[in-house]
Amino acid sequence: MATVQHGRRKGLARATPEAPPQVPDTTDLRQVTILTKSDWDRIQQQLHRKQIEDDRLRQVKEERENRKNQSKEVVQHWGNTIAGQRQRKLEARKIREKKEEEERVEIDIEEAKYQAAQRKAAIDKAKTQQYYQTDRVKGFHSALMLTEVLKEREAQLELKRLKAQASTGQDREWLERAQREYEEAIRQDQAKAAERIIAAKDNERFLKAQIRDHHSLREKAQVEDAVEGEELQKLALANKLEKERLEAIRRDEKQQLMDDNRKQIGERVALKKLQENQEDEEDEECRIFAAAKRKMMRLRAEKEKQLHNEKQQTLEAIREKLAAQLKQKLDDEDERIRQAVQEAEEKRAREEGEKEGKMVKVISEQAEHRTLQMKEAEQKKKEERRQELETIRIRQAADEIFRRNEEEKRTRKFEDSRHLAGFHLDQADLRKQKEVEQKQQALALDKANIELLALEEKQFQEYATKVIEHCEKGGRNTYPLRKAAAPGHGGGAGPVFEGKGGIRPSYMVMDKSGKQMPHYQRDSTEETKQNIHDVETKKRMGFVW
């Protein structure tokens with residue numbers, strides 16, 4: 001049975017005075033409801049209805065997919081279906097294409113082998129033809145032709161001898177006809193020999209023309225190199241002159257800048273002296289003005305004193321006159337005279353006070369004006385001093401900027417010079433390395449040429465030996481062949497240079513004929529030296545070898 005706990009349930013809970021029964025986990029048993037398994041399953045189904053439905057649909061879908069896959073597995077091996085027939089056709093087609101591809105591969109292999117054999121045969125034929133076109137082989141073939149000609153000549157002589165024997169006692173006409181045929185054959189041989197000589201001379205002229213062309217091309221290349229060298233020298237000289245001109249311009253600019261700075265400094269000193277002179281002149285004018293003012297005031301005071309004395313004298317005279325008159329008039333006139341004197345004294349005192357006030361005012365205005373002028377001059381001097389200091393500061397800043405720029409220019413010039421020196425060193429190292437590599441390549445090329453010449457000499461000697469043996473078996477004269485097959489390239493009559501690949505040079509006489517010098521030294525020469533001088537020596541006198 002399943003149990004479900006409720007917090008409160010109407011109709012089941014009863015209020016009892018006694019304490020309700022408790023389970024060990026402090027649960028009130030009266031608040032517990034007991035359910036059957038069917039009710040519990042129903043409640044669970046209601047609660048998880050959506051999940052159960054999803055599981056059922058998933059199971060149905062999986063069963064459907066499994067049945068479908070099983071059906072495909074069963075059907076795909078059937079041969080009486082459209083898909084089975086298509087599958088068998090595709091497999092048969094793949095097998096057929098594979099077999100055709102194998103056949104095509106075999107055919108391509110056979111074709112490649114055939115083409116390789118054809119190429120090898122063509123290359124061998126070309127090599128053979130090229131080998132037959134070499135001067136030495138051509139000379140050997142010429143010697144072979146000479147051997148055949150000698151053989152033919154011997155045969156003709158034998159035929160002549162036989163004919164002479166056979167024609168003994170026959171008709172003279174038969175002998176004359178044989179003689180004519182023989183002479184015609186000789187003429188034909190002579191014509192052929194003349195043609196061969198002409199062909200040889202044509203070949204010689206062609207070779208000489210080719211040599212002259214090579215010499216002219218070499219001289220033309222040398223002239224072009226000389227012209228190019230002169231142009232490079234001109235360009236280098238122009239570059240040098242341009243650098244010198246730029247350097248002169250830089251020096252002139254520096255000198256001009258230095259002159260401008262000196263001129264500005266001189267102008268500044270002259271301006272300062274002029275200002276000092278102006279200040280001195282202004283101070284002198286102020287002193288002169290003050291002295292003039294003092295003198296004027298002194299003169300004015302003296303004038304006023306003189307006027308005052310004159311007035312006093314005048315007043316004294318009036319007073320004396322009045323006193324004399326007073327003595328003559330009545331006593332009532334004393335008061336009138338006293339009043340008149342008093343009024344005159346007051347008027348004079350008032351006028352003197354006004355004059356003194358005006359003088360003090362003028363002096364105070366002059367002092368104030370002088371103070372104001374001095375303050376303005378001082379302010380102007382301070383302003384000019386400030387402007388001068390500002391100008392000096394600006395010039396100092398400009399000089400500092402110029403100095404930094406010049407320092408940066410010197411630094412950049414030094415770095416450029418250092419980089420250029422490094423570049424020149426790298427170029428020199430690269431040039432040396434190239435020269436070493438060129439020497440190594442030249443040595444390797446000489447070695448390869450010597451090896452190639454040795455191989456060609458070996459092949460030629462093998463070929464010449466086989467031909468000479470064949471000719472000896474045929475009963476021919478092999479002296480021209482042995483002469484042409486002598487060791488050494490070049491075809492000259494000189495000694496063989498072993499260190500130069502076995503080359504046999506030719507020595508030409510130093511005259512307009514240009515003939516080759518003969519080979520005089522033989523075994524008999526050494527025998528003569530031994531018999532005459534009783535010594536063996538390798539010393540050669542002149543161009544004899």
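These figures come from a predicted structure and were not determined experimentally.
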Mind checking the [atom1]-[atom2] spacing from [X] to [Y]? Nearest 0.5 Å is all I need.
X: Ile95; Y: Glu100; atom1: CD1; atom2: CD; value: 12.5 Å
X: Arg393; Y: Glu400; atom1: CZ; atom2: CD; value: 13.0 Å
X: Gln130; Y: Ile123; atom1: CD; atom2: CD1; value: 12.0 Å
X: His419; Y: Arg412; atom1: NE2; atom2: CZ; value: 13.0 Å
X: Leu241; Y: Leu246; atom1: CG; atom2: CG; value: 11.0 Å
X: Leu157; Y: Arg153; atom1: CG; atom2: CZ; value: 5.0 Å

Is any side-chain heavy atom of [X] closer than 4.5 Å to a side-chain heavy atom of [Y]?
X: Arg196; Y: Lys192; result: yes
X: Arg56; Y: Glu53; result: yes
X: Arg418; Y: Glu415; result: yes
X: Gln129; Y: Lys125; result: yes
X: Glu244; Y: Glu247; result: no
X: Tyr479; Y: Leu150; result: no
X: Leu420; Y: Asp416; result: no

Does [X] have any side chain to side chain contact (heavy atoms under 4.5 Å, CB included) partners at least two apart in sequence or in another chain, and if so, which?
X: Asp426; answer: none
X: Val227; answer: Val223, Glu231
X: Glu406; answer: Lys254, Phe402, Lys409, Arg410
X: Lys94; answer: none

Please, which pairs that meet side chain to side chain donor-acceptor pair (under 3.5 Å) have at least one residue in residues 142-152, sequence neighbours excluded? Glu148-Arg476
Where at least one partner belongs to residues 107-121, residue pairs that pass side chain to side chain donor-acceptor pair (under 3.5 Å), sequence neighbours excluded: Glu111-Gln115, Tyr114-Gln118, Lys120-Asp124
Set of side-chain hydrogen bond (donor to acceptor under 3.5 Å, both in side chains) partners for [X], sequence neighbours left out:
X: Gln459; answer: none
X: Gln233; answer: none
X: Glu242; answer: Arg245
X: Glu469; answer: none

Checking Arg212 against His215 for the side-chain hydrogen bond (donor to acceptor under 3.5 Å, both in side chains) test, could you report, in this order, the C-alpha distance in whole Å, the side-chain angles of both residues, the deciding distance, and whether it holds? CA-CA 5 Å; Arg212 286 194 298 272; His215 283 299; over 6 Å; no
Tell me if a side-chain donor or acceptor on Asn449 pairs with a main-chain N or O of Leu445 at a distance below 3.5 Å. yes
Evaluate the criterion side-chain hydrogen bond (donor to acceptor under 3.5 Å, both in side chains) for residue pair Glu457 and Gln461; output intermediate values, then yes/no. CA-CA 6 Å; Glu457 180 68 21; Gln461 292 298 331; 2.7 Å; yes
More than 12 non-hydrogen atoms from neighbouring residues, nucleotides or ligands closer than 6.0 Å to CZ on Arg187, yes or no? yes
Quick one, Asp399 with Arg403, criterion salt bridge (charged side-chain N to carboxylate O under 4.0 Å, His left out). Give me CA distance, side-chain angles, the key distance, then yes/no. CA-CA 6 Å; Asp399 293 339; Arg403 187 188 62 78; over 6 Å; no
Evaluate the criterion side-chain contact (heavy atoms from CB on, under 4.5 Å) for residue pair Glu62 and Glu65; output intermediate values, then yes/no. CA-CA 5 Å; Glu62 290 178 356; Glu65 291 292 332; 5.7 Å; no
Tyr132: what forms a ring-ring contact (aromatic ring centres under 6.0 Å, His included) with it, not counting sequence neighbours? His141
Note: Arg104-Glu101 ion pair, threshold 4.0 Å (strictly below): yes
Start with the C-alpha gap between Asp54 and Lys50, add the side-chain angles, then the distance that decides, and say whether salt bridge (charged side-chain N to carboxylate O under 4.0 Å, His left out) holds. CA-CA 6 Å; Asp54 293 338; Lys50 188 175 186 319; 3.6 Å; yes
What is the minimum heavy-atom distance between Ala484 and Gly139, and which atoms define it? CB-O, 4.2 Å
Which donor-acceptor pairs under 3.5 Å do the side chains of residues 430-443 make with protein atoms, sequence neighbours left out?
from, atom 1, to, atom 2, distance (Å)
Gln433, NE2, Glu437, OE2, 3.4

